[in-house]
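The structure under discussion appears below in the form of structure tokens.
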Amino acid sequence: MRQRIALLVETALRTAHTSAEFVTDPLPSIIIGTPANQEHGDFSCNIAMQMAKGERKAPRQVAETIIRYLGNGNGLLLKTEIAGPGFINFFISPSAWQGALLEIESAGTDFGRTTTGAGKKIQVEFVSANPTGPLHIGHGRGAAIGDTICRLLGATGWDVTREFYYNDAGQQITNLALSVQARCLGIEPDDSSWPTDGYQGEYIKDVARSYLAKETVHADDRHVEALGDPHNLDAVREFAVACLRREQDLDLKAFDVHFDVFTLESELYRRGDVDAVVKSLAENGYTYEQDGALWLRTTEFGDDKDRVMRKTDGGYTYFVPDIAYHLNKWKRGFTRVINEQGSDHHSTITRVRAGLQALKCDIPQGWPEYVLHQMVTVLRAGEEVKISKRAGSYVTLRDLIDEVGRDATRFFFIMRKPDSQLVFDIDLAKEQSPDNPVYYVQYAHARICSIFENAAEKGHVAPLQPRPEQVAALTTPEELQLIKLLAALPDTVADAAQQFEPHRLTYYLTELAGCFHSFYNKNRVIGEDAALTSARLYLLARTAQILKNALTILGISAPERM
RNA sequence: GUCCUCUUAGCUCAGCUGGAUAGAGCAACAGCCUUCUAAGCUGUAGGCCGCAGGUUCGAAUCCUGCAGGGGACGCCA
């Protein structure tokens with residue numbers, strides 16, 4: 001609907017322009033807003049005020065000219081008004097709103113989807129947890145946000161590649177291997193021979209046990225058979241990585257999160273990508289030797305100090321393969337790349353971008369794009385659950401899904417803007433009450449389904465394709481309000497996708513559910529008047545459809561019974 | 001000290017990339033079930049949008065300072 005208004009305004013402006021009514025060139029971009037106050041119509045446009053200065057006319061005068069060229073858009077508009085300092089307010093005719101219901105039905109599960117990204121590739125990297133332990137609650141938020149962004153982008157037509165990157169060869173992995181090896185040999189964390197910085201969690205014991213039992217593990221991206229020999233550190237490492245990768249895969253599957261591509265840091269080394277990047281950076285004159293290390297002049301690109309690329313021990317620091325990895329993404333043809341990460345890793349942004357600029361291969365300055373999420377604190381019985389890695393007492397993603405369920409976990413992780421901190425109240429998430437937004441929304445869907453069961457018993461069936469005079473029976477403010485919200489789904493999805501802000505859709509759903517519950521309490525659906533009954537059943541069928549469409553985009557189920 | 005981020009009702013948070021009288025949910029108070037799921041609804045009350053400047057027709061929103069919370073400042077990832 002908003003798109004249509006924008007189009008109307010654009011045509012009006014163009015016609016007025018060719019008729020030499022306006023001198024402004026180029027015309028400013030048209031922004032259609034939705035007024036907070038109902039008296040100001042369904043949509044509004046501020047363009048007259050934007051143009052007033054260039055036109056050297058009063059805003060209201062400019063607005064008058066625009067309206068003169070506007071027409072009524074084939075019956076779409078009931079009326080237009082000039083209001084306040086120069087707003088143009090649009091009032092959509094009730095028949096246009098009623099007609100929207102028919103469009104919603106014919107679009108079916110596609111209603112809400114748009115085509116802005118059609119034919120364009122985009123890559124989203126998220127989670128990217130190293131295989132050194134189970135996924136924790138922070139990864140959970142990243143998984144939920146990243147996955148939902150992918151779903152949103154998919155819903156707006158983009159060809160999305162979901163990617164997971166991990167380090168399978170660094171010092172942390174060696175620590176992991178040493179820890180498993182120690183457990184194999186019966187060494188305890190308190191023993192003097194326990195490796196420094198070893199991983200002490202219980203899961204390490206499980207890995208050691210499986211290794212000694214010569215088990216075979218299948219992860220999404222690797223299959224490894226245990227040799228059973230604790231002294232073969234490389235074999236232990238291979239096996240441990242596979243084990244932990246498999247655990248992560250299981251967690252992610254339980255969360256209904258899937259990846260198209262796994263990229264391994266070791267691959268970048270093996271293929272020579274890392275060396276090639278170092279060579280290129282050196283040739284471009286952005287490196288220098290100092291204190292036995294090789295440095296990159298990241299300060300040339302806005303960093304506050306230069307960074308070490310190659311340590312005195314000869315190994316590269318983590319951001320060097322990171323640069324190689326992103327060059328690889330670029331070479332694969334992704335002109336748009338989004339990295340979803342915890343905000344505690346924000347310092348890598350400058351380094352990776354600086355490295356890519358220093359390669360001098362025409363990568364845009366702001367590439368890749370980042371979505372950073374803030375910390376999660378867990379609340380149980382009103383108390384913050386303290387995270388203690390030593391005791392291994394931190395809340396894992398799996399614990400959370402097992403305890404509160406996948407739907408609630410997903411909903412809670414995305415219901416706040418990524419860059420604001422999130423309080424995850426476990427008790428609330430489990431609660432089956434209207435205080436819990438997930439239940440509130442799902443209940444609306446279940447309630448409608450229940451009404452339909454009831455209607456069927458009484459012999460009512462919602463008309464599949466109602467005649468115009470039937471939908472025309474939907475005239476109360478509650479009915480029109482509900483229709484307006486239903487029709488707003490495509491705009492909401494498009495905005496959420498463009499801004500990488502999944503929470504917009506959870507807010508939309510809460511509002512829609514509220515609007516339905518409100519309607520339900522005020523109006524009887526199944527009544528004496530057969531025509532009105534079938535019109536209202538039709539409205540509710542569309543409401544259930546929209547609830548389901550939106551929930552599906554979020555990866556959350558729409559139960560028919562609760 | 002430097003960088004990032006946040007600061008909106010008692011609490012948890014929205015605020016549609018600068019618009020009109022700043023919203024929702026919880027908590028508080030007052031109401032609504034012989035009727036399609038009360039797992040729901042209606043109403044009341046509650047605000048120096050952290051502070052101070054600036055930009056312009058117009059600022060919660062953009063810019064600059066300041067204060068406070070969180071995070072990052074490693075030859076870890």
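Everything quoted here is computed from the prediction, not taken from an experiment. Labels below follow one simple rule: chain letters A, B, ... track the order of the sequence lines, proteins then strands, and each chain is numbered from 1. Only this structure's heavy atoms are used, side chains among them; waters, hydrogens and symmetry mates stay out.
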Does A:F87 stack onto the base of B:G19, taking stacking as ring centres under 5.5 Å apart and planes under 30° apart?
no
To the nearest angstrom, the CG-P distance between A:D344 and B:C6 comes to 16 Å
Taking every heavy atom of A:A487 against every heavy atom of A:A100, the minimum-distance pair comes out as CB-CB, 4.4 Å
Out of B:C4, B:A38, B:C16, which has the shortest distance to the side chain of A:H346?
B:C4
With the side chain defined as heavy atoms from C-beta on, A:K311 is closest, among B:C13, B:A77, B:U21, to B:A77
Is it true that the NZ or CZ of A:R410 lies under 6.0 Å from the centre of A:F412's six-membered ring and within 45 degrees of the ring axis?
no
Torsion-based syn/anti label for B:U17, 90° from 0 as limit:
syn
Charged N to carboxylate O below 4.0 Å: is that the case for A:R416 and A:D419?
no
Mind checking who B:C29 pairs with, Watson-Crick or G-U wobble, both distances under 3.5 Å?
B:G43
Within the modelled atom types, does a donor on one side and an acceptor on the other bring the side chain of A:N46 and the base of B:A20 under 3.5 Å apart?
no
Just how far, in rounded Å, is P of B:C16 from CD of A:Q499?
9 Å
Pick one for B:C11: is it syn, with its angle within 90° of 0, or anti?
anti
Please confirm whether the shortest side-chain N or O distance from A:S420 to OP1 or OP2 of B:A14 is below 4.0 Å.
yes
Would you mind classifying the nucleic acid contact of A:R310 as base, sugar-phosphate or nothing, using non-hydrogen atoms under 4.0 angstrom?
nothing
Of B:U35, B:A38, B:G15, the nucleotide closest to the side chain of A:E501 is B:G15
Could you measure the distance from the CD atom of A:E511 to the OG1 atom of A:T492? Nearest 0.5 Å is fine.
8.5 Å
